[in-house]
Amino acid sequence: MPKSRRNPWRRLSVAVVTLAVAAPVAACGSGDSTAATSSDGKAKITVLRSNGSLFEPLFIAQQQGYFKDAGLDVTIKAGAQDTSQNAPSVLNGEAQFAMTDSSGFLKGAAKKMPIRIATGLVTATNKTEPTDGLLVKKSSSIDSFADLEGKTVGLSALGGTIQFIVEYLVEKDGGDPEKVKFVSLPTTSLTDAASSGKTDAVYSFGAFYAAGKQAGLRSIGNGMNDLPGITQGVLFAGQEYLSKNAATAKKFTGAIAKAITYANAHPEAVKAIDKEYTQLSDDFIDNSEIAYYDKSINTKVMRTVITKMNEYGILTSAPKDDALYWDGVSTVTSTS
């Protein structure tokens, strides 16, 4: 059993989801017993997206008619800034699916919240150039993750997957992650924080990472690609909803799978969505790499993430696999 290396709440400012759910879970079946429908008979779904990036397959599924073809009426809404806070909205029925990253989901699962991963969205891979990573000023003395000891790193949210990957790579590089100070900043302020010296480094992602590099910041390492297979974005739902509405859930995740294939083959479609839904300039987006979209969850890497997050104090416990995955989710154990 991994030992706790620190008080798990000492360094986290993220509000903890404490919603308690005691309702029993219905037996899984092929029919849908609770799905709301629109006036034309389509199953209605509300999905909460992230506020930063990686949500592009949702809009592609809508634009390309994949949801419509599946008989779904899908509404996409911006969720909480800290996506781990989307769980209550899913469990109380305000939304049927929501986006988060690995830690956002795992923090809920560690508290025994009845939520399950329905599909992957984005996975770190060596197939593409990094689309996230550590950024410092060109003149910075920081040349490796181990050099972050005693330094301040700006993150879009504390206690999440980004904090985990920094701590993991500091440890992998021979440093002590407990000696790194983290501060939370708006995603759009990360580049300015590093450029101005407000922080010694920042960890950015997606088009914001590209914008930071184009603004003259220097990248360290290969970001999450240094842990290939780590899940960067997922869609999750309540266990009871998935059980009672399995057919609708399979239609939804099937449409997302089509959108993921389309997104990987059509980067211009991804960038068009970023131009509409992010605050970055067209030039930045045109010159940036897109993420690698992936419906599958690497359960072997996820287990590594859970074990280390528990050691770092980001998770209060290490949930087992049967508390993580919907039985309809695509899983793998090899990395690429």
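Just so it is clear, the values below take in all heavy atoms, side chains as well, and ignore hydrogens, waters and symmetry mates.
Of the possible donor and acceptor atoms, one in the side chain of Thr199 sits under 3.5 Å from a partner among the backbone N and O of Ala201. Not a single donor-acceptor pair under 3.5 Å links the side chain of Lys258 to the backbone N or O of Thr253. Judged by distance alone, with hydrogens and angles left aside, the side-chain atoms of Arg116 form no donor-acceptor pair with the main-chain N or O of Leu242 at under 3.5 Å.
Evaluation of the salt bridge (Lys or Arg N to Asp or Glu O under 4.0 Å) rule for Asp283 yields no partner, not counting sequence neighbours.
For Gln63, the CD atom is densely surrounded, since the number of other residues' heavy atoms within 6.0 Å is greater than 12. More than 12 heavy atoms of other residues, nucleotides or ligands lie within 6.0 Å of NZ in Lys151, so this atom counts as buried by the packing criterion. Within 6.0 Å of the CD atom in Gln279, the count of heavy atoms belonging to other residues, nucleotides or ligands does not exceed 12. No more than 12 heavy atoms of other residues, nucleotides or ligands shown are found within 6.0 angstrom of NZ on Lys198.
A donor-acceptor pair shorter than 3.5 Å cannot be found between the side chains of Tyr312 and Glu178. Residues Tyr292 and Asn264 bring no donor and acceptor atom of their side chains to less than 3.5 Å of each other.
Arg303 and Asp321 are joined by a salt bridge, as a carboxylate oxygen and a charged side-chain nitrogen come within less than 4.0 angstrom of each other.
Ring geometry for Phe67 against Phe252 counts as parallel: the plane angle stays under 30°, on a 0 to 90° scale with 60° as the upper cut.
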Would Phe236 and Phe97 satisfy side-chain contact (heavy atoms from CB on, under 4.5 Å), going step by step from the backbone distance to the final call? CA-CA 5 Å; Phe236 70 94; Phe97 294 89; over 6 Å; no
Kindly indicate, with the supporting measurements, whether the criterion salt bridge (Lys or Arg N to Asp or Glu O under 4.0 Å) is fulfilled by Asp286 and Lys275. CA-CA 9 Å; Asp286 286 336; Lys275 289 175 182 178; 2.8 Å; yes
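Ring centers of Tyr168 and Phe164: under 6.0 Å apart, within the cut-off.
Val202 and Ile220 are members of different hydrophobic clusters when ILVMFWY side chains are connected at heavy-atom separations under 4.5 Å.
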